[in-house]
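Read the structure below first, then the notes.
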2 protein chains.
Amino acid sequence: MGRWEPGARGRLERAALELYSERGFEQATVAEIAARAGVTERTFFRHFADKREVLFGGSGALQELFVSTVAEAPESATPMEAIAAAVEVAGGLLQERREFARRRHAVIIANPGLRERELIKLVSLAAALADALRERGVADPAASLAAEAGIAVFRVAFERWVGEPGQSGSPDLSDVPDLPKIIRESFDELKAVTAGK
Amino acid sequence: MGRWEPGARGRLERAALELYSERGFEQATVAEIAARAGVTERTFFRHFADKREVLFGGSGALQELFVSTVAEAPESATPMEAIAAAVEVAGGLLQERREFARRRHAVIIANPGLRERELIKLVSLAAALADALRERGVADPAASLAAEAGIAVFRVAFERWVGEPGQSGSPDLSDVPDLPKIIRESFDELKAVTAGK
DNA sequence: GCTCGTGATGTCAGTTGCTGTCATCAACTA
DNA sequence: TAGTTGATGACAGCAACTGACATCACGAGC
């Protein structure tokens, strides 16, 4: 065993989510989070740029999943189909972590500063998606618009998903709202609503 | 004349934009802004919730313009047409303040924290647009999707507009990029790209 | 086995954003 | 004339965040 317990980063993430849930984001101090994780405040800021970032450690992996799915879409797929496929795959990943996602989302929507951070992550995701489309030969502004629209669909669908009842621990699996399905429906709805212009 | 010069809020807004332009957002302290405006730091925080908000004083008026345009769209207009009309009208307003908009935008894109703030303003705008659509009897999720897609178009079009050369002070008015026109084209492009799904 | 880097952490001082509280003073009201 | 109101100043204080330096286990190479 080393001088310090390994996994400080993970402990900080867990401690932060707990404290933000228990007493709210603003009421929880970084010193408290660090203490609960068994490190000092300075170590917190070595792992995370600021007090908000500790809730967004997984966004990099999610972005890679999005981008690789777009890149691997069949050549015959239209830009919007490639984007929709990526959003659906990501939705499937969230589906498996429903309770965690809801818990985290509840903390985020309760604080404007955290909402801001989430939004910039999504915009960064949209930019990465647009890049991936350009790699496929899609020109601008179609690439940007398809990516932005796809993220808008993701936001709306995710919001509906977390808002619906149903527990992932429920004995009846048919109770669990199906995020990929909601995403598909939302893409269809977007198609319908834009066609009406 | 009173005890103090009136218009402290406006002076703070001008001083802040100047200082953020001159030396960058993070390098400028609130104390400096306040000093340049001839007030104390405490007075700054009485007018603006935080150091970022001083750049977003006009967002309320913009939102009202968006919402009232949607509300006043003809009954025959589809949801997307109502949204497009609102975005175009707002684009016309920005068109008249091109230099200010570019200057302000340059400051914002240079700092992640300011980008975050701008994004949450746009999301709040999308929420207000969705509300206005529901007032017109549009059901969810169509209302949310149309609003979000409209804001996505606005973002993409605005980005293109500020990125193009051309000075509003140019002698040849045909040099000035036309934001409402770019917005119309972007809506058409969105229609095309979503139809391809 | 010894030395020496390396990397993650601790320690501490300092700046700055932001808040609570109370005092001040001109303009307005009665 | 007296009281009220509203915007501001003055000041203390907390917490987020940063820079600089010390510490100490571990592994590489000798």
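Below, all heavy atoms of this structure are taken into account, side chains as well, without hydrogens, waters or symmetry copies. Labels below follow one simple rule: chain letters A, B, ... track the order of the sequence lines, proteins then strands, and each chain is numbered from 1.
If you check residues 16-27 of chain A against DNA chain C, you find no residue with a heavy atom closer than 4.0 Å. Remark: A:E41, A:R42, A:F45 in residues 33-45 of chain A come within less than 4.0 Å of DNA chain D through at least one heavy atom. Looking at residues 7-15 of chain A, you'll see that no heavy atom sits under 4.0 Å from any atom of DNA chain D.
Note: CZ (B:F48) to P (D:dA7) measures 14 Å, nearest angstrom. Put simply, CZ on A:R52 is 12 Å from C1' on D:dC17, counting in whole angstrom units. The CD-P distance, from B:E5 to C:dC25, rounds to 18 Å in whole Å. Across the protein-nucleic acid pair, B:E32 atom CD and C:dG17 atom C1' stand 13 Å apart, rounded to whole Å.
When the salt bridge (Lys or Arg N to Asp or Glu O under 4.0 Å) test is applied to B:R155, the partners found at least two apart in sequence or on another chain are A:E148. Shown here are the ring pair (Phe, Tyr, Trp, His ring centres under 6.0 Å) partners of B:F45, two or more places apart in sequence or in another chain: there are none. Remark: A:E53 engages A:R117, A:K121 in a salt bridge (Lys or Arg N to Asp or Glu O under 4.0 Å) (not counting sequence neighbours). Partners of A:R102 under the salt bridge (Lys or Arg N to Asp or Glu O under 4.0 Å) rule, at least two apart in sequence or in another chain, do not exist in this structure. B:A110 pairs by the side chain to side chain contact (heavy atoms under 4.5 Å, CB included) definition with nothing, not counting sequence neighbours. With sequence neighbours left out, the ring pair (Phe, Tyr, Trp, His ring centres under 6.0 Å) criterion links A:F56 to no other residue. In this structure A:Q27 satisfies the side-chain hydrogen bond (donor to acceptor under 3.5 Å, both in side chains) test with no other residue, sequence neighbours excluded.
Pairs of residues two or more places apart, or lying in two chains, that qualify as ring pair (Phe, Tyr, Trp, His ring centres under 6.0 Å) and include a residue from residues 75-127 of chain A are A:H105-A:F158. For residues 61-79 of chain B, no residue pair satisfies the salt bridge (charged side-chain N to carboxylate O under 4.0 Å, His left out) rule, not counting sequence neighbours.
Atom CG in A:L12 sits 8.0 Å away from atom CD1 in A:I33 (nearest 0.5 Å).
A donor-acceptor contact under 3.5 Å is formed by the side chain of B:R46 with the base of D:dG9.
There is a side-chain donor-acceptor pair under 3.5 Å between A:R134 and A:S144.
Phosphate contact (OP1/OP2 of D:dA7, side-chain N/O of B:H47, threshold under 4.0 Å): absent.
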